[in-house]
Amino acid sequence: MKNRKDFRQFRVRILLRTFGALTAAAAVIYITYSVLQHVGFADGMVAFFQFVFGINYEAALQLYERTFRRHMDMMILCSFLLIFVGLFRIYLRWLTGYLEAVSRGMDILLEDDSGEVLGSAPSPGRSSGEISLPPELFSIERKMNVAKHRMVLQNRHMREAEQRKNDLIMYLAHDLKTPLASTIGYLNLLRDERQISEELREKYLSIALAKSERLEELINEFLEIARYSLSDIILQYKEINLTRLLEQLVYEFQPILDGRGLTCRLAAEDILLKCDADKMQRVFDNLLRNAALYSYEGTEITIEAGRREENLVLKFSNHGDTIPAKKLERLFEQFYSLDTGRGTGGTGLGLAIARQIVTLHKGTITAESENELTVFTVTLPVL
């Protein structure tokens, strides 16, 4: 029913044009027939022959009889055909004008993804690159413009994602090379220096081990983001005590917190949650690690958890530099790394992994940052 309404104006226009063309054809044919059958036409042709060939009236009349009178039916038929072909060609040209307009719109839709119409100036009142069709095809014009805008956005997002991926690969290549080169360098020193002291040997081994662990961490994070990007991951649901899980997490992070003079306050009631415990622990681990890395020294990190209607809401809050709104919107993108200049050594993949896991649990994760307070909120359905 909606499509019928969309093309009602187009159908009315075609009906009126068709009726007008048929009426014009009938009128022209009638006039032509009347002229050919009128006595004045015969007298005019006889006079014309007299003037052109310089002959008398009787000879001109005989010539008219031989050339026109005897073949009048054929001449009338040929006249009708010529009139019909001419009018039909005009009508067909008008009708195919709609197809040409749609074809030009398709060219813009398929060939131009920059928002500008190649080789033409923008129409008044329309943005550059917007598809314009006759008013009767407004429904098609609207749908084509929607499709074009979606394609432009998709292409832009694809280019941005590709650029972020290339930047990430360059970043990882550099970051993988640095600890690897250090490890090889210290191991070579241990091999070549025979008379090295035990204290120095221990120092070199500690540095080589730390660099190796850093290398392993980078590789694992890169593999995890690829694994969690797949849509066929099967969740292993089981009921857990969320409060106990968070308490264990805070206990494990205590050395990191103590090293920066941070405290962590857990405000959570006794909550049972049905989820994939291993994957959900990865989310909370990343959020707490993020809070610890980007908090001001000597401040408090707060973890709050509670029920809100049919959902479970968790909030991880920390005091640190306010994240600009533009960067805040892109924190969860897979290949986006927040450039804070702090030298934390993170790959920028942790939040992307967290979002993938939360999304698989049919939940949401958001971030807010203002007045040097950053809050990550995880909302999960209570199953």
Side-chain angles (χ1 to χ4, degrees), residues 206 209-210 213-214 216-218 220-221 224 240-273 275-308 311-325 327-328 331-332 336-355 357-358 361 363-380 382:
S206 298
L209 179 60
E213 290 173 346
R214 174 60 182 154
E216 181 185 27
E217 180 185 344
L218 289 169
N220 287 338
E221 287 216 24
E224 275 196 78
I240 63 170
N241 189 309
L242 180 62
T243 307
R244 300 292 175 267
L245 177 64
L246 294 174
E247 288 175 349
Q248 179 67 26
L249 184 66
V250 173
Y251 176 78
E252 292 173 356
F253 267 81
Q254 203 58 52
I256 298 176
L257 299 174
D258 292 341
R260 302 200 61 206
L262 301 171
T263 58
C264 184
R265 180 173 62 87
L266 175 61
E269 56 190 64
D270 198 32
I271 300 173
L272 296 178
L273 175 65
C275 64
D276 188 314
D278 292 336
K279 292 182 176 62
M280 196 54 63
Q281 184 177 6
R282 178 72 175 86
V283 175
F284 302 146
D285 181 283
N286 180 266
L287 292 177
L288 184 54
R289 185 182 303 275
N290 225 47
L293 287 174
Y294 296 104
S295 288
Y296 293 144
E297 292 187 6
T299 58
E300 181 182 69
I301 297 172
T302 304
I303 303 175
E304 300 173 275
R307 292 180 181 272
R308 185 179 299 171
N311 295 319
L312 176 65
V313 180
L314 298 97
K315 293 188 176 183
F316 289 72
S317 308
N318 72 282
H319 297 273
D321 292 341
T322 301
I323 303 173
K327 293 186 176 181
L328 197 65
L331 279 180
F332 300 100
Y336 183 76
S337 178
L338 182 63
D339 182 17
T340 60
R342 299 185 182 187
T344 57
T347 60
L349 300 176
L351 290 177
I353 295 173
R355 183 180 65 172
I357 297 173
V358 172
H361 283 81
T364 61
I365 179 170
T366 59
E368 303 171 77
S369 185
E370 59 180 359
N371 300 325
E372 298 185 338
L373 177 66
T374 301
V375 181
F376 285 88
T377 303
V378 178
T379 304
L380 298 169
V382 178

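For the numbers below, each heavy atom of this structure counts, side chains included, while hydrogens, waters and symmetry mates do not. In this text, all values refer to a predicted model and were calculated from it rather than measured experimentally.
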Note to self: With heavy-atom distances below 4.5 Å as the criterion, would you say the side chains of L380 and N311 are in contact?
What the structure shows: no
Notebook entry, point to check: Measuring from I240:CD1 to M280:CE, what's the distance to the nearest 0.5 Å?
Noted result: 8.0 Å
Item checked: Any T377 side-chain heavy atom under 4.5 Å of V313 side chain -> yes
Next item on the list: Working to the nearest 0.5 Å, report the span between CD of E300 and CG of L257.
Entry: 11.0 Å
Checklist line | Any side-chain heavy-atom pair of V378 and L312 under 4.5 Å | finding: no
Notebook entry, point to check: Yes or no on side chain to side chain contact (heavy atoms under 4.5 Å, CB included) for E247 and T243, after CA distance, side-chain angles and deciding distance?
Noted result: CA-CA 6 Å; E247 288 175 349; T243 307; 3.8 Å; yes
Checklist line | Contact check, side chains of Q248 and E252, non-hydrogen atoms, under 4.5 Å | finding: yes
Next item on the list: Go through the steps to decide whether Y296 and D321 satisfy the test side chain to side chain donor-acceptor pair (under 3.5 Å), and finish with yes or no.
Entry: CA-CA 8 Å; Y296 293 144; D321 292 341; 2.6 Å; yes
Margin query: Between T366 and F332, does the side chain to side chain contact (heavy atoms under 4.5 Å, CB included) criterion hold? Intermediate values first, please.
Written below: CA-CA 9 Å; T366 59; F332 300 100; 5.5 Å; no
Next item on the list: Check whether any side-chain heavy atom of N290 sits under 4.5 Å from a side-chain heavy atom of T374, and report yes or no.
Entry: no
Margin query: In the structure I gave you, are the side-chain heavy atoms of K315 and T302 within less than 4.5 Å of one another anywhere?
Written below: no
Notebook entry, point to check: Hey, mind stepping through Q281 and D285 against side chain to side chain donor-acceptor pair (under 3.5 Å) and telling me if it holds?
Noted result: CA-CA 6 Å; Q281 184 177 6; D285 181 283; 6.0 Å; no
Check: Angle class for the F316/F284 ring planes (parallel below 30°, perpendicular above 60°, tilted otherwise)?
Finding: parallel
Notebook entry, point to check: Heavy-atom distance under 4.5 Å between the side chains of L331 and R355, does that happen here?
Noted result: no
Next item on the list: Flag the pair T299 / L262 as yes when at least one side-chain heavy-atom distance between them is below 4.5 Å, and no otherwise.
Entry: yes
Next item on the list: Sequence neighbours left out, what passes ring-ring contact (aromatic ring centres under 6.0 Å, His included) with H319? Give chain and number order.
Entry: none
